[in-house]
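FYI, the numbering just counts along the sequence from 1. All values below were derived from every heavy atom in this structure, side-chain atoms included, with hydrogens, water molecules and symmetry-related copies excluded.
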Amino acid sequence: MAKPIVDSPALQGRDAERFQEMAGNVQPVSSAYMQRFNQDVTFLRAHANFSL
């Protein structure tokens with residue numbers, strides 16, 4: 001028999017307020033960061049030797 005689905009925890013109080021503040025002040029990452037990220041992803045894809 002399947003396990004019942006458990007409710008996800010909900011943020012309350014100061015945690016919820018802080019989350020809303022952070023969500024409203026999202027800063028885009030720099031182009032240098034994205035360039036490095038893309039290089040890392042390319043490296044990982046080239047060296048990954050497993051199948052999904």
**Fill in**
Note: with side-chain heavy atoms under 4.5 Å as the link, the other cluster members for Met22 come out as none
**Item:** CD/Gln39: more than 12 non-hydrogen atoms of other groups inside 6.0 Å
**Value:** yes
**Apart from Leu44 itself, residues in the same hydrophobic cluster as defined by side-chain heavy atoms under 4.5 Å** = Phe43
**Request:** Taking salt bridge (charged side-chain N to carboxylate O under 4.0 Å, His left out) as the test, write out the residues that go with Arg14, two or more places apart.
**Result:** Glu17, Glu21
Under 3.5 Å donor-acceptor pairs involving side-chain atoms of residues 26-38, not counting sequence neighbours:
residue : atom : partner : partner atom : Å
Ser30   : OG   : Tyr33   : N            : 3.1
Arg36   : NE   : Asp40   : OD1          : 3.3
Asn38   : ND2  : Met34   : O            : 3.2

**Item:** Counterpart residues, side-chain contact (heavy atoms from CB on, under 4.5 Å), relative to Asp15 (two or more places apart)
**Value:** Leu11, Arg18
**Prompt:** Restricting to pairs with a member in residues 24-35, which pass salt bridge (Lys or Arg N to Asp or Glu O under 4.0 Å), not counting sequence neighbours?
**Reply:** none
